[in-house]
Amino acid sequence: GGILTVDIRVGGTDLPVTIYLYDHDIEFPPKRGERYDKSIANATDILPNGTAQITYPFYQRQHFQLVITGAEFAEHKDYINAFQARISVDHFFT
């Protein structure tokens, strides 16, 4: 097991960004409230050019999905943004 850490820096588009971490077998939920409920960790409403970190302890070998979305309340869905992610695992042994 260990601790999964995801450090994110998002680009400068005028919309906040949300990051969700899911188990590998979860289908991305269409409704925002379900996205929070089904995620195992998240960082919400990250401002443009902002940073965030999510951490998740795990106790066995696992696969994850990392999903990054823009704000759902935006009038126009034609925004393009970028992000940088640093993903690390600190192992612990029991």
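- In this structure, CZ on Phe92 lies 10.0 Å from CG on Asp90, to the nearest 0.5 angstrom.
- For the pair Tyr36 and Thr44, the minimum side-chain heavy-atom distance is below 4.5 Å.
- Side-chain contact between Ile40 and Tyr20 is absent, with no heavy-atom pair separated by less than 4.5 Å.
- No donor-acceptor distance shorter than 3.5 angstrom exists from the side chain of Arg86 to the backbone of Asp7, with no hydrogens or angles considered.
- Residue Ser39 holds its OG atom at 11.0 Å from CG of Leu66, rounded to the nearest 0.5 Å.
- You'll find the side chain of Arg9 stays beyond 4.5 Å of the side chain of Phe83, heavy atoms only.
- One distance of note links NE2 of His63 with CZ of Phe58; it measures 11.0 Å at 0.5 Å rounding.
- Side-chain contact between Ile46 and Ile19: present, with at least one pair of heavy atoms (C-beta onward) separated by less than 4.5 Å.
- Remark: the backbone N or O of Arg35 is paired with a side-chain donor or acceptor of Tyr22 at under 3.5 angstrom.
- The line from CD of Glu34 to CD1 of Ile26 is 11.5 Å long, rounded to the nearest 0.5 Å.
- Both Ile87 and Val89 belong to a single network of hydrophobic side chains, linked directly or stepwise wherever heavy atoms of I, L, V, M, F, W or Y lie under 4.5 Å apart.
- With a 4.5 Å cut-off on side-chain heavy atoms, Ile8 and Gln84 do not count as touching.
- Leu15 and Leu47 fall into different hydrophobic clusters, defined by Ile, Leu, Val, Met, Phe, Trp and Tyr side-chain heavy atoms under 4.5 Å apart, directly or through other members.
- Side-chain atoms of Asp23 and Gln65 form no donor-acceptor pair, as typed in the model, at a separation below 3.5 Å.
- The closest side-chain heavy-atom distance from Ile68 to Thr18 is not below 4.5 Å.
- Residue Ile54 comes nearest to Ala41 through the heavy atom pair CB-CB, 4.4 Å, listed as atom of the first residue, atom of the second, then distance.
- Residues Asn81 and Val17 are in side-chain contact: their nearest non-hydrogen atoms beyond the backbone lie under 4.5 Å apart.
- Residues Leu4 and Phe64 form a side-chain contact, since some pair of their non-hydrogen atoms from C-beta on lies under 4.5 Å apart.
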